[in-house]
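Down below is the structure, laid out as structure tokens.
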Amino acid sequence: MEQFNPDVLISEDEISLRLDELAKAINQDFAGEEVVLICVLKGAFMFCSDLMKKISLPVKLEFMQLSSYGDKMSSSGNVKVMLDVTGSIKGKNVIVIEDIVDTGLTLKTLLEILKKRDPKAVKLASLLYKPARNTHPVDIDYLGFEIEDKFVIGYGLDYAGRYRELPYIGVINAGN
Ligand code: 5GP
């Protein structure tokens, strides 16, 4: 089986420190209110789990899954809802938790779907943002890190279903 040794792009410690800052901003923005985190599967599961532990508000958790890249390294341009939330978000403070905004197509489509459901607020938290390929601009309210146009893996993000377990964000370099 093909096995790569990824280079570390963002370490576990850097991620944890940044998540402290994001959680602090969320705690301040929604002080005294309840938030519903919508974790976008599968890539955001680790980010969502770690961020949620740092949020000191009443919090509920939902999952959504959208059609993904599959085993390819580029977007198909076609977004479908594969798994939806189980409860109503009407009148709720929703924070969508995403792993990475690349072209922005996935998130733009998802935010449009959610806004039609009449929530009180919809905010977006994304661990990563790749401006180089962004063709569908979205406002990222809580951004972890802006990165170069490289295919990243680890901390929930996969390549062909693998490497999600890495505790850091890595890059696969040809030749290692
Ligand atoms: P977008 O619709 O913004 O082009 O793509 C968003 C989705 O593409 C992300 O949620 C993620 O699943 C996938 N994706 C985009 N860039 C990368 C990357 O560098 N690494 C991995 N593993 N997935 C990516």
Side-chain angles (χ1 to χ4, degrees), residues 1-12 14-16 18-19 22 26 36-52 61-85 89 94-116 122-176:
M1 188 186 289
E2 205 174 18
Q3 179 67 38
F4 300 101
N5 290 313
D7 293 335
V8 177
L9 184 69
I10 306 169
S11 71
E12 200 175 349
E14 285 174 285
I15 295 170
S16 178
R18 188 72 189 116
L19 264 54
L22 298 186
I26 292 170
V36 179
L37 304 185
I38 300 183
C39 174
V40 183
L41 296 174
K42 298 179 185 171
F45 84 96
M46 213 179 269
F47 172 43
C48 185
S49 160
D50 285 346
L51 183 65
M52 193 175 179
L61 179 64
E62 291 280 357
F63 295 99
M64 286 185 83
Q65 188 164 16
L66 304 154
S67 51
S68 72
Y69 286 7
D71 287 356
K72 298 193 297 279
M73 284 197 187
S74 64
S75 177
S76 63
N78 199 359
V79 180
K80 282 194 209 118
V81 176
M82 316 293 280
L83 175 77
D84 210 336
V85 296
I89 59 162
V94 170
I95 307 177
V96 176
I97 312 286
E98 176 64 301
D99 54 358
I100 183 165
V101 174
D102 185 13
T103 66
L105 177 69
T106 310
L107 257 296
K108 201 171 170 52
T109 310
L110 178 58
L111 293 174
E112 278 165 11
I113 292 169
L114 294 177
K115 279 175 187 162
K116 283 185 195 148
V122 185
K123 302 282 182 189
L124 170 60
S126 183
L127 179 65
L128 302 169
Y129 170 54
K130 270 193 223 176
R133 289 164 35 89
N134 193 248
T135 49
H136 296 75
V138 285
D139 288 333
I140 304 175
D141 303 285
Y142 309 103
L143 172 64
F145 305 90
E146 192 171 301
I147 59 165
E148 291 173 49
D149 188 14
K150 289 184 173 167
F151 190 83
V152 290
I153 51 159
Y155 199 70
L157 289 113
D158 75 313
Y159 171 56
R162 300 199 41 227
Y163 303 101
R164 293 191 197 276
E165 74 282 9
L166 298 177
Y168 57 87
I169 305 286
V171 264
I172 297 174
N173 280 329
N176 68 0

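Position 1 is the first residue of the sequence, and the numbers go up from there. Any value given below was found using the heavy atoms of this structure, including those in side chains, with hydrogens, waters and symmetry copies removed. Counting starts at 1 for both ligands and their atoms, following the listed order.
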_Under 4.0 Å from a heavy atom of D158: which atoms of ligand 1 are those, numbered in the order shown and with their elements?_
21 (C), 22 (N)
*List every atom of ligand 1 that sits less than 4.0 Å from any heavy atom of K150, numbering the atoms from 1 in the order shown and giving each element.*
19 (O)
*Excluding sequence neighbours, so at least two apart, what forms salt bridge (charged side-chain N to carboxylate O under 4.0 Å, His left out) with D149?*
R133
*asked:* Could you work out, for atom 4 (O) of ligand 1, the closest of T106, N134, T103, T109 by heavy-atom distance?
replied: T103
*Test side-chain contact (heavy atoms from CB on, under 4.5 Å) applied to I10 and I147, step by step*: CA-CA 10 Å; I10 306 169; I147 59 165; 4.1 Å; yes
*Please say which of V122, T106, V94 ends up in a side-chain contact (heavy atoms from CB on, under 4.5 Å) with L111.*
V122
*Please state which part of K130 comes within less than 4.0 Å of ligand 1, counting heavy atoms only: side chain, backbone, both or neither.*
side chain
*Is the shortest N/O to N/O distance between L107 and ligand 1 below 3.5 Å?*
no
*Sub-4.0 Å heavy-atom contact, G43 with ligand 1*: no
_F145 CZ to I15 CD1 distance, which is reported to the nearest 0.5 Å_ = 6.0 Å
*Could you see which bit of E98 sits under 4.0 Å from ligand 1, with heavy atoms only: side chain, backbone, both or neither?*
side chain
*Nearest heavy atom to atom 21 (C) of ligand 1 wins, so pick from V152, V171, L105.*
V152
*Non-hydrogen atoms of F151 versus ligand 1: any pair closer than 4.0 Å?*
yes
*When you measure from the side chain of T109 to the backbone N and O of L105, does any donor-acceptor pair fall under 3.5 Å?*
yes
_Within the structure provided, determine whether L166 and P6 are in side-chain contact (heavy-atom separation under 4.5 Å)._
yes
*Could I get the full list of salt bridge (charged side-chain N to carboxylate O under 4.0 Å, His left out) partners for D50, not counting sequence neighbours?*
K53
*Determine whether the side chain, the backbone, both or neither of D99 has a heavy atom under 4.0 Å from any heavy atom of ligand 1.*
side chain
